Visitor: 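For reference, the structure I am asking about is given below.
Proteins come first, then strands; the chains are lettered A, B, ... in the order of their sequence lines, and each starts at number 1. Basis for what follows: all heavy atoms, side chains included, without hydrogens, waters or symmetry-related copies. Only a predicted model underlies this, so the values are computations on that prediction, with no experimental measurement involved.
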Amino acid sequence: MLESYVLDSTATRHDMDSLARKYLDHQTILFEEVAGKGAKQLSFNQVAIEEAAPYAAEDADITLRLHETLWPKLQAEAGLRAVYQDIEIPLIPILAAMEQRGVLVDRKLLAIQSRELAKRLHEIEAQAHDIAGQPFNLGSPKQIQEILFDKLELPVLSKTPKGAPSTAENVLQELADQGHELPRVLLEHRSLSKLKSTYTDKLPEQIDTDTGRVHTSYHQAVAATGRLSSSDPNLQNIPIRTEEGRRIRQAFIAPEGCRLLAADYSQIELRIMAHLSRDEGLLAAFAADADIHRATAAEVFGIPPGQVSGDQRRSAKAINFGLIYGMSAFGLARQLGTDRGSAQRYVDLYFERYPGVKRYMDETREQAREQGYVETVFGRRLYLPEIRDRNGQRRAAAERTAINAPMQGTAADIIKRAMLRVETWNKGSGLGVTLIMQVHDELVFEVVEKDLELAKSGICEAMEGAAELSVPLRVESGAGHNWDEAH
DNA sequence: AACGGCTCGC
DNA sequence: CTGCGAGCCGTTC
């Protein structure tokens, strides 16, 4: 298996080593997933291999064991085999090429931002010490906790899993809203120091001295839902939410003569929910290409879409995201900042308007209990041994995962298929297009300037055709000299 | 080195 | 007591 795919690949001699290493890494990870860690029921994304446990202790040849354990299991299940052979294996050389190509980062711009952040952090620190009446380490949750809850005697709104008073963002935000000054200052310090340490300071250190680029690693067998993960550096959590954060994205740049092209799926998980649930209202909304959060708000609040207020749309958005995550009324209440009763009424009203969604959620939980796993549209499986746990909390967590995994996992399948389609199209296009990043529902390319328009239409077409669901897939794209401009 | 707490993304 | 990740710092061992 290993040998044949290495020989079949289109790799050049130059990148043969890194590609071969990626196949080996991949295989090693599979083996660890299959035979490692002493789990009772062992699973790689798709495959449960109970029989593999005895091999875990052996210092055995990995390839041989895979042939004996994983491969027969895959062959026996058509859906699993297809996911593995038609998606995961052909994706390997694409990921290897993205890693090797890397992303150009503007080191000087990050250095400027780092100095600005240092200055502001210093000012904030002095301000915080002044308010507290004593010096303390703003980076230490423990010391913050002592200052806020012992010295200043602010109310403890929430505790960490270990029982300590929490100083997390939402807690500080609530205290700040109550008019306390120190929490507001701490919040600003937290977000800015995160930007400085992770992005403006550490990221430049990871620029390769030979290529002048950062070369991430993508992992195929880490996320249980089938998503990719990215590390060293992680390019899937580059800031975007705040103005400060978006400046970091300005340091991800296109080389001379190129632009960055970013193409992302619009509301892909909600579209998948519409497809899986076959809910008429949801299907109709997407068929009409409606603003889905506005449409949801109109249904739930019983008003025409044109009369939906900003707050109502925000509430509907929270409900929609909550549904994808399998959220409870309690969690929704916390998100919306209302009481549990009101949140429950929203949920009840939602399920009244979208009965297909309610039915789908119930059926998914039931299916998970009966078969012990859930699956994506393309047959990727996630095993949920805790779905029958006697501990209610663990069982509830497994049920939320059961709800979420088919949607998150199908989205992962679709963008992986899109990457294969884009690369197939690209080989014959004769255009200067290079895939350089994947961020869950987004692909980023370096494109030679004169090819931009053709690239844009080719890429969007390949992405939108990556799956035939009962709702259309929509892709939005933009281009610019840096990643911020491309959005 | 491992873990807890926190914050960044989708 | 809303899903999936990675990485930083401080603290503890």
Side-chain angles (χ1 to χ4, degrees), chain A residues 45 136-145 158-173 186-187 189-203 205-206 216-219 221-242 244-246 248-249 264-270 273 318-336 340 343-344 347 361 374 382 384 392-409 411-412 415 437-442 483:
Chain A
N45 283 340
F136 64 100
N137 184 349
L138 276 74
S140 164
K142 199 178 157 209
Q143 291 182 35
I144 289 176
Q145 180 204 116
S158 161
K159 296 197 170 184
T160 68
K162 295 281 281 181
S166 170
T167 66
E169 183 181 3
N170 57 340
V171 176
L172 295 185
Q173 189 62 59
L186 290 175
L187 276 173
H189 188 274
R190 281 257 178 86
S191 63
L192 293 185
S193 63
K194 170 79 178 181
L195 291 181
K196 181 171 188 295
S197 64
T198 306
Y199 303 109
T200 67
D201 291 351
K202 298 291 171 182
L203 196 58
E205 292 174 16
Q206 304 190 57
T216 188
S217 297
Y218 288 105
H219 311 280
V222 173
T225 52
R227 273 191 179 176
L228 296 178
S229 77
S230 158
S231 70
D232 308 297
N234 180 358
L235 296 184
Q236 294 180 324
N237 72 344
I238 303 301
I240 191 168
R241 223 179 59 242
T242 65
E244 284 296 334
R246 276 197 295 279
I248 305 287
R249 290 196 171 219
D264 65 287
Y265 283 110
S266 163
Q267 307 294 355
I268 188 165
E269 291 188 3
L270 283 174
M273 186 167 88
I319 294 173
N320 281 331
F321 274 98
L323 287 163
I324 291 172
Y325 297 155
M327 188 171 62
S328 64
F330 183 94
L332 181 63
R334 201 164 45 116
Q335 184 69 35
L336 293 176
R340 192 187 172 139
Q344 185 63 55
V347 173
M361 302 268 161
V374 290
L382 179 68
L384 298 161
Q393 203 169 323
R394 266 198 290 242
R395 200 171 56 242
E399 286 179 358
R400 289 194 295 275
T401 305
I403 300 290
N404 172 261
M407 294 184 266
Q408 191 183 122
I415 195 158
M437 283 191 275
Q438 191 255 40
V439 191
H440 306 308
D441 64 356
E442 172 183 8
W483 197 6

Visitor: Tell me the interatomic distance from A/Glu169, atom CD, to B/dG9, atom P, rounded to whole angstroms.
Guide: 10 Å
Visitor: Without decimals, in angstroms, what is the distance between A/Lys162 NZ and B/dG4 C1'?
Guide: 8 Å
Visitor: Drop me the distance from A/Ile324's CD1 to A/Met407's CE, to the nearest 0.5 angstrom.
Guide: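 Answer for the CD1-CE pair, A/Ile324 versus A/Met407, is 6.0 Å.
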Visitor: Looking across every strand, which nucleic acid part, if any, lies under 4.0 Å from A/Ile324 by heavy atom: base, sugar-phosphate, or nothing?
Guide: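 It contacts nothing in the nucleic acid.
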Visitor: Assign A/Glu442 to base, sugar-phosphate, or nothing according to its heavy-atom contacts below 4.0 angstrom with the strands shown.
Guide: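 The residue A/Glu442 makes no contact with any strand.
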Visitor: What is the distance, to the nearest angstrom, from the CG atom on A/Asn320 to the P atom on B/dC10?
Guide: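 Checked: the CG to P distance equals 18 Å.
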Visitor: Can A/Ser231 and A/His219 be counted as having a side-chain donor-acceptor contact under 3.5 angstrom?
Guide: yes
Visitor: To the nearest angstrom, how far is A/Asn234 atom CG from B/dC10 atom P?
Guide: 11 Å
Visitor: Across the strands shown, which category fits A/Gln335 at heavy-atom distances under 4.0 angstrom: base, sugar-phosphate, nothing?
Guide: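 Base contact.
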Visitor: What does A/Gly326 touch in the nucleic acid at a heavy-atom separation under 4.0 angstrom: a base, only the sugar-phosphate, or nothing?
Guide: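 It contacts nothing in the nucleic acid.
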Visitor: Going 5' to 3' along DNA chain C, which are the first and last nucleotides with any atom under 4.0 Å from a heavy atom of chain A?
Guide: C/dC1 to C/dT12
Visitor: Do A/Thr216 and A/Ser230 have side-chain atoms, one donor and one acceptor, less than 3.5 Å apart?
Guide: yes
Visitor: Could you measure between the two P atoms, the one in C/dC1 and the one in B/dG4, and give it in whole Å?
Guide: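 The answer is 16 Å between these two P atoms.
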Visitor: Run A/Thr200 and A/Leu195 through side chain to side chain contact (heavy atoms under 4.5 Å, CB included) and show every step you take.
Guide: CA-CA 6 Å; A/Thr200 67; A/Leu195 291 181; 5.5 Å; no
Visitor: Does A/Arg241 contact B/dC8 through a side-chain donor or acceptor facing the base, at a distance under 3.5 Å?
Guide: no
Visitor: Heavy atoms only: give me the nearest A/Ile240-A/Arg246 pair and the separation to one decimal.
Guide: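 Reported closest heavy-atom pair: O-NH1, 3.0 Å.
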Visitor: Among B/dT7, B/dC8, B/dG5, which nucleotide sits nearest the side chain of A/Ala164?
Guide: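 Side chain of A/Ala164 sits closest to B/dG5.
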Visitor: Within a strict 4.5 Å, meaning less than it, do heavy atoms of the A/His440 and A/Gln408 side chains meet?
Guide: no
Visitor: Could you state the NE2-C1' distance from A/His440 to B/dC8, rounded to the nearest angstrom?
Guide: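 One finds 11 Å between C1' of B/dC8 and NE2 of A/His440, rounded.
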Visitor: Let me know the distance between NZ of A/Lys142 and C1' of B/dC6, rounded to the nearest Å.
Guide: 16 Å
Visitor: Would you indicate what A/Ile240 reaches in the nucleic acid, counting non-hydrogen atoms under 4.0 angstrom: base, sugar-phosphate, or nothing?
Guide: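 Counting heavy atoms under 4.0 Å across all strands, the contact made by A/Ile240 is with sugar-phosphate only.
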Visitor: Checking all strands, does A/Ser193 fall into the base, sugar-phosphate, or nothing category for heavy-atom contacts under 4.0 angstrom?
Guide: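 Touches nothing.
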Visitor: Look at the side chain of A/Asp264 and the backbone N and O of A/Asp441, then say whether any donor-acceptor pair between them is shorter than 3.5 Å.
Guide: no
Visitor: Grab the NE2-P distance between A/His189 and B/dC6 for me, whole Å please.
Guide: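 My rounded result for the distance is 15 Å.
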Visitor: Whole-Å distance between B/dC8 C1' and A/Asp201 CG?
Guide: 15 Å
